S.K.: 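The structure's right below; bear with me while I get my questions together.
Values in this document were obtained by computation on a predicted structure and should not be read as measured data.
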Amino acid sequence: MSNPRTYNSSVRVGNWNEDVCLEEQNLKDFLDRQGDGGSSINQTMQRMASNTKPIALTPSADGLLHFGDVVAVAQEKLGGLLAAVPDARDSDTFSVSTSRMTDTVARTVFTIEKPKGAAHSCEPLVYGEKFCLVASAAAVGDADEQFCVCSERVSFSSFAAQSRYQEVYLAATRGAKSWWTAVLADPEYRIEAEGDPVRAGDVLLLRHCNTNQNLASSEKFVARNSFGGEYEASCKTLLSSHKRELPENHWRILNGSS
């Protein structure tokens, strides 16, 4: 069994010069990381500051939502906003939650875009039309790629940690996993609303096109992240005994005029 070192580098015993050089190098590395913002504390502070930077929503003269609008997605029952989580889910994706905050900051705003990056001319979004929700570049720290809100069917490797429903996350893709459609929440007028423009602040369902499940968030499922305890965002159509979607599936898309 080797004996622990009971002296410090100021005691000139053994390879004392190597000990001194090692401590000097460690101190130099630490100071370099501090200067470059590379320490874990500095990185966390910079990420938090970037994610909480205020961002204004796009105003609308006609009260409608348009492609290219910067919007916030509010959960009707919980009152919070859908938010990007800077904690990486893995090397290529980020998590999504329903924040308790109601301020429109970098992590709580999204841009309505056409699927697959198709060109748009600020035309109104209509019920039943496919669209993507693109997170702000400041929220994911990568201005070169656009990260969209995505989901996929439950599998052994993909499921929401708390509820075990479909996982919702951010990924740099415009494929089918990132396609959503707005559906009027009131089932009595749902069919008639198909093809009508979506008004900002309407109570609606956000339906994932590829799995036909609705975006959901419940106070029953809370996940911790860098911003504390926030509600888990997932995909699951939750129905009452009368086969109506529960408030956990109800959302409002807000713009600068809402």
Side-chain angles (χ1 to χ4, degrees), residues 65 69 71-85 95-102 107-110 112 115 125-135 148-155 158-171 176-223 229-255 258:
L65 298 174
D69 283 358
V71 299
V73 182
Q75 217 296 316
E76 177 70 359
K77 182 179 181 181
L78 302 176
L81 301 178
L82 193 70
V85 180
S95 300
V96 176
S97 68
T98 300
S99 172
R100 299 175 189 267
M101 65 170 51
T102 56
R107 65 184 295 254
T108 61
V109 300
F110 299 87
I112 301 174
L125 173 70
V126 302
Y127 283 106
E129 185 175 14
K130 294 178 181 177
F131 65 92
C132 298
L133 288 171
V134 181
C148 300
V149 180
C150 299
S151 188
E152 60 187 271
R153 296 188 186 281
V154 173
S155 66
S158 177
F159 54 84
Q162 304 296 322
S163 63
R164 297 300 192 267
Y165 298 153
Q166 278 182 207
E167 187 176 19
V168 175
Y169 57 91
L170 293 174
K177 292 181 180 181
S178 68
W179 297 349
W180 301 83
T181 186
V183 178
L184 191 67
D186 190 340
E188 295 183 13
Y189 301 99
R190 188 171 297 171
I191 295 177
E192 293 132 353
E194 286 289 313
D196 288 346
V198 182
R199 300 192 67 83
D202 278 356
V203 180
L204 47 78
L205 312 174
L206 289 174
R207 183 161 295 165
H208 188 243
C209 298
N210 201 34
T211 61
N212 206 38
Q213 294 294 312
N214 297 327
L215 184 66
S217 201
S218 169
E219 72 275 5
K220 296 178 183 177
F221 306 113
V222 177
E230 296 188 329
Y231 303 111
E232 180 184 77
S234 62
C235 258
K236 177 70 173 179
T237 300
L238 303 169
L239 300 175
S240 69
S241 57
H242 299 290
K243 303 300 181 181
R244 295 173 67 111
E245 289 83 6
L246 295 176
E248 285 83 350
N249 285 138
H250 293 174
W251 301 81
R252 294 177 186 267
I253 302 180
L254 309 176
N255 62 13
S258 303

S.K.: Mind checking whether Leu206 and Phe131 have side chains closer than 4.5 Å, heavy atoms only?
M.R.: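 Sidechains of Phe131 and Leu206: in contact.
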
S.K.: I'd like to know whether Leu215 forms a side-chain contact (heavy atoms from CB on, under 4.5 Å) with Leu82, so could you lay out the CA-CA distance, the side-chain angles of the two residues, the decisive distance to 0.1 Å, and finally the verdict.
M.R.: CA-CA 10 Å; Leu215 184 66; Leu82 193 70; 4.2 Å; yes

S.K.: Any side-chain heavy-atom pair from Arg244 and Asp186 closer than 4.5 angstrom?
M.R.: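 Result yes, sub-4.5 Å side-chain heavy-atom pair found.
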
S.K.: Looking only at atom types and distance, does a side-chain atom of Arg100 sit under 3.5 Å from a main-chain N or O of Gly80, one as donor and one as acceptor?
M.R.: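 No, because the side chain of Arg100 does not come within donor-acceptor range (under 3.5 Å) of the backbone of Gly80.
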
S.K.: When you compare the side chain of Gln213 with that of Ser151, does any pair of heavy atoms fall below 4.5 Å?
M.R.: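 When only atoms from C-beta onward are counted, Gln213 and Ser151 do not touch, as no gap falls below 4.5 Å.
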
S.K.: Taking C-beta and beyond as the side chain, do Lys236 and Ser163 meet within less than 4.5 Å on heavy atoms?
M.R.: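 Not touching, per the 4.5 Å side-chain cut-off.
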
S.K.: In residues 192-205, what donor-acceptor pairs under 3.5 Å come from side-chain atoms, sequence neighbours left out?
M.R.:
unit_1: Asp202; atom_1: OD2; unit_2: Tyr127; atom_2: OH; d: 2.9
unit_1: Asp202; atom_1: OD2; unit_2: Arg199; atom_2: N; d: 3.4

S.K.: Within the side chain of Gln75, is there an N or O that forms a donor-acceptor pair under 3.5 Å with the backbone of His250?
M.R.: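 Yes, because the side chain of Gln75 sits within donor-acceptor range (under 3.5 Å) of the backbone of His250.
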
S.K.: Once you round to the nearest 0.5 Å, how far does CE of Met101 lie from OG1 of Thr108?
M.R.: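 With rounding to 0.5 Å, CE (Met101) is 6.5 Å from OG1 (Thr108).
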
S.K.: Tell me whether Arg190 contacts the main-chain N or O of Ala185 through its side chain, where contact means a donor paired with an acceptor under 3.5 Å.
M.R.: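 Yes: the side chain of Arg190 pairs with the backbone of Ala185.
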
S.K.: Side chains of Gln162 and Ser218: does their closest heavy-atom pair fall under 4.5 Å?
M.R.: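 With C-beta onward as the side chain, the pair stays apart.
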
S.K.: Tell me, do Arg107 and Val85 make a side-chain contact under 4.5 Å, heavy atoms counted?
M.R.: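 Touching, per the 4.5 Å side-chain cut-off.
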
S.K.: Partners of Trp180 by ring pair (Phe, Tyr, Trp, His ring centres under 6.0 Å), sequence neighbours excluded?
M.R.: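 Only His208 meet the ring pair (Phe, Tyr, Trp, His ring centres under 6.0 Å) criterion with Trp180.
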
S.K.: Flag the pair Ser99 / Glu230 as yes when at least one side-chain heavy-atom distance between them is below 4.5 Å, and no otherwise.
M.R.: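 Of all side-chain heavy-atom pairs linking Glu230 with Ser99, at least one is under 4.5 Å.
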
S.K.: Does any non-hydrogen side-chain atom of Tyr231 lie less than 4.5 Å from one of Glu248?
M.R.: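 No; the side chains remain at least 4.5 Å from each other.
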
S.K.: Between the main-chain N or O of Ser158 and the side-chain N or O of Ser155, is there a donor-acceptor pair closer than 3.5 Å?
M.R.: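 Such a contact is found between Ser155 side chain and Ser158 backbone.
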
S.K.: Kindly compute the distance separating CD (Gln166) from CD (Glu152), expressed to the nearest 0.5 Å.
M.R.: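 If I round to the nearest 0.5 Å, the distance is 8.5 Å.
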
S.K.: Atom SG of Cys150 and atom CG of Leu170: how far apart are they, to the nearest 0.5 Å?
M.R.: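 The distance works out to 7.5 Å.
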
S.K.: Quick check for you: to the nearest 0.5 Å, what is the distance between Lys130 atom NZ and Ser178 atom OG?
M.R.: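 With rounding to 0.5 Å, NZ (Lys130) is 10.5 Å from OG (Ser178).
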
S.K.: Quick check: does any side chain N or O of Thr237 sit under 3.5 Å from a backbone N or O of Asn214, one acting as donor and the other as acceptor?
M.R.: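 It does hold such a pair.
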
S.K.: Identify the heavy atoms of Asn249 and Ala216 that sit nearest to each other, and give their distance.
M.R.: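 Here Asn249 and Ala216 meet closest at ND2-CB, 3.3 Å.
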
S.K.: Short question: side chain of Asp69, backbone of Val71 - any donor-acceptor pair under 3.5 Å?
M.R.: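 No, because the side chain of Asp69 does not come within donor-acceptor range (under 3.5 Å) of the backbone of Val71.
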
S.K.: Enter the distance from Cys148:SG to Lys177:NZ here, rounded to the nearest 0.5 Å.
M.R.: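 Atom-to-atom, Cys148:SG and Lys177:NZ are 13.0 Å apart.
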
S.K.: Where the side chain of Thr98 meets the backbone of Glu232, is there a donor-acceptor pair that is under 3.5 Å apart?
M.R.: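 Judged by distance alone, no pair lies under 3.5 Å.
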
